[in-house]
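Scroll down for the structure; my scribbles are underneath it.
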Amino acid sequence: MKQLPPTGTAALLEVISPYIPDDLINSLFAEKVGRGRPPLFSAAQLFRVSLLALLTPAHSFNLVATLLAEHRPWRDFARLRNRRAVPDAKMLHQFRQRLDLNKLRCVNRHLLTPLLEGCSEFAKTVSLIDAMICQPPPMHIKKFFRPI
């Protein structure tokens with residue numbers, strides 16, 4: 001099996017980039033065309049910038065927004081053309097507020113469909129569970145920190 005490049009490298013971003021469904025993401029966040037300025041960044045660009053928090057050593061959105069101007073491979077992955085025009089932390093926060101569970105499931109379904117279609121020829125199958133549908137345990141079962 002082909003191994004992926006290490007996390008945080010430009011090579012990993014190049015390998016993963018073609019699998020991100022930009023058109024689907026933009027259609028999920030389709031905004032009404034009306035008066036006023038058009039948005040500076042598309043939904044797919046903001047989604048890709050959000051993924052950088054998972055795929056790079058910068059594990060906070062504030063740090064990603066700060067370092068984005070300095071890292072050309074990150075901007076190429078996010079399809080940002082201008083070094084000076086990068087989303088700030090407030091834009092990323094507003095995008096994450098609009099990114100609800102149904103939209104994430106739609107993207108997940110789109111990514112899994114080709115994978116699951118190829119599994120139909122195997123004799124043994126594996127079940128994939130969506131962890132977002134699991135209910136949290138009741139409060140009386142949860143473990144709490146108790147001082148000694």
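The chain is numbered in sequence order, starting from 1. Predicted, not measured: the structure shown is a model, and the values here were computed from it.
Between A89 and N62, the closest heavy-atom pair is CB-OD1, 3.0 Å. Minimum interatomic distance between H71 and L67 (heavy atoms only, all atoms of both residues): CD2-O, 3.1 Å. Scanning both residues, C106 and L28, for their nearest heavy atoms gives SG-CD2, 3.9 Å. Pairing each heavy atom of S42 with each of N26, the nearest pair is CB-OD1, 3.6 Å. Between L12 and G8 the shortest heavy-atom distance is CD2-N, 4.1 Å. Taking every heavy atom of both residues into account, F61 and S50 meet most closely at CE2-O, 3.5 Å.
In this structure, L13 is a member of the same hydrophobic cluster as L54, with clusters built from ILVMFWY side-chain heavy atoms closer than 4.5 Å.
In this structure, the side chains of F41 and V49 stay at 4.5 Å or more apart for every pair of heavy atoms. You'll find the side chain of P57 stays beyond 4.5 Å of the side chain of L63, heavy atoms only. Put simply, the side chain of T56 does not reach to within 4.5 Å of the side chain of T9, judged on heavy atoms. Side-chain contact between I20 and V107: absent, with no pair of heavy atoms (C-beta onward) separated by less than 4.5 Å. Here the side chains of F77 and L55 are in contact, with some heavy-atom distance below 4.5 Å. Counting heavy atoms from C-beta on, the side chains of L40 and P87 never come closer than 4.5 Å.
For the pair R79 (side chain) and Q45 (backbone), a donor-acceptor distance under 3.5 Å is absent. Using a distance-only test at 3.5 Å, with no hydrogens or angles considered, a donor-acceptor pair links the side chain of R75 to the main chain of A69. No donor-acceptor distance shorter than 3.5 angstrom exists from the side chain of S17 to the backbone of E14, with no hydrogens or angles considered.
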Steps toward side-chain contact (heavy atoms from CB on, under 4.5 Å) verdict (L104, F47): CA-CA 10 Å; L104 283 174; F47 186 81; 4.3 Å; yes
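Atom CZ of R109 and atom CG of N102 lie 8.5 Å apart (nearest 0.5 Å). The distance from atom CG of L51 to atom CD1 of I16, rounded to the nearest 0.5 Å, is 8.0 Å.
The salt bridge (Lys or Arg N to Asp or Glu O under 4.0 Å) analysis of residues 39-53, with sequence neighbours excluded, yields the pairs D22-R48.
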Please list every donor-acceptor pair under 3.5 Å in which a side-chain atom of residues 92-101 meets a protein atom from a residue at least two apart or in another chain.
from, atom 1, to, atom 2, distance (Å)
H93, NE2, Q97, NE2, 3.3
D100, OD1, K103, N, 3.2

